Amino acid sequence: MVALPIARSVAELRAGVAAWRQAGASIALVPTMGALHEGHLALVRRGLELADRVVASVFVNPTQFAPQEDFDRYPRDEAGDAGKLASVGCGLLYAPTVGEMYPEGFCTAITLGGPAEGLCGAFRPQMFGGVALVVTKLLLQAQPDFAIFGEKDYQQLQVIRRLTRDLDIPVRVVGVPTVREADGLAMSSRNKYLTAEERADASELYRTLSETAAALAEGAPAGAILERAMAKLAAARFSKIDYLELRDAETLLPLQRVSRPARLLVAAWLGAVRLIDNLPVEPVLG
Ligand code: PAF
């Protein structure tokens with residue numbers, strides 16, 4: 001297999017993208033933090049369905065981690081990532097340094113509202129500001145036609161949709177359904193942190209989420225259904241549940257019952273590992 005070209009600077013990225021543009025190609029960007037798994041490769045495959053070329057970025061973005069979080073130990077494997085990206089037809093890897101993305105004197109921030117409020121926004125207050133900053137930079141650097149994100153991080157996806165609309169960034173933001181392990185656990189680079197015992201317990205998250213989504217789809221008030229689901233997770237050794245909430249699928253405003261397309265979102269801890277997941281909930285017609 002031919003080695004995947006790697007751009008380390010904005011100038012190298014722009015040169016690669018410009019060459020594709022000159023040849024008349026359309027371009028999709030797949031932003032990642034590396035430690036790639038099947039979920040990421042599904043994003044590249046979707047990018048190649050929509051566009052002629054895909055550039056993937058691998059950048060563990062310091063501005064979206066709080067000081068006590070896992071920035072330093074976040075899994076990094078550039079050679080492995082490059083091989084996986086090449087195997088599914090990605091044409092360019094953009095792997096900038098922290099200094100390239102945030103040079104000396106960098107002092108700009110983005111303030112968010114709407115879909116960034118509550119859920120993970122309440123428990124990891126620095127996160128979406130950092131995501132917004134890095135994604136805005138990546139979009140301005142690569143100027144792709146499409147930007148592809150996983151629905152696993154559904155709140156992030158809605159934040160980015162709102163951000164690109166509000167800032168008139170000319171890109172089509174595309175969400176790709178979550179890729180799951182055989183027992184339903186959503187694929188995530190952080191699943192590596194689970195012990196064998198925690199990994200076995202983790203499958204209860206998807207099971208509970210699926211049952212709860214089915215119950216909510218009938219249109220009954222959400223309160224009691226969500227309480228039962230939280231009790232079930234606690235009984236299944238989830239040590240802390242940050243949230244289990246029903247929200248409007250687009251705005252992410254809280255919903256009391258399912259009367260329009262909704263999303264059920266959860267964040268819960270197994271030991272020291274925080275898992276997030278979500279499912280669509282469509283009202284049952286009839
Ligand atoms: O979802 C991720 O991996 C990251 O939040 C992203 C979008 C690449 C920004 O750093």
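Small disclaimer: the values here were computed from a predicted structure and weren't measured. Every number for a ligand or one of its atoms is a count from 1 in the order of the listing.
Using cut-offs of 30° and 60° for the angle between ring planes, the Phe106 and Tyr102 rings count as perpendicular. Ring orientation note: the planes of Phe71 and Phe65 are nearly perpendicular, at an angle over 60° on the 30°/60° scale.
In this structure, atom 2 (C) of ligand 1 lies nearest to the protein heavy atom Gln156 NE2, 3.9 Å. Looking only at protein heavy atoms, the nearest one to atom 9 (C) of ligand 1 is Gln64 OE1, 3.3 Å.
Using a 4.0 Å cut-off between heavy atoms, Ile160 makes no contact with ligand 1 at all.
Listed by atom number, the atoms of ligand 1 under 4.0 Å from Val134 heavy atoms are 9 (C), 10 (O). Near Thr32, the atoms of ligand 1 lying under 4.0 angstrom from a non-hydrogen atom of the residue are 8 (C).
To the nearest 0.5 Å, atom CZ of residue Arg257 and atom CD of residue Glu218 are 12.5 Å apart. Rounded to the nearest 0.5 angstrom, Asp242 CG and Leu265 CG are separated by 12.5 Å.
Side chains of Gln64 and Glu69: a donor-acceptor N/O pair is absent below 3.5 angstrom, by distance only.
Here's the thing with Asn61: none of its N/O atoms is less than 3.5 angstrom from an N/O atom of ligand 1.
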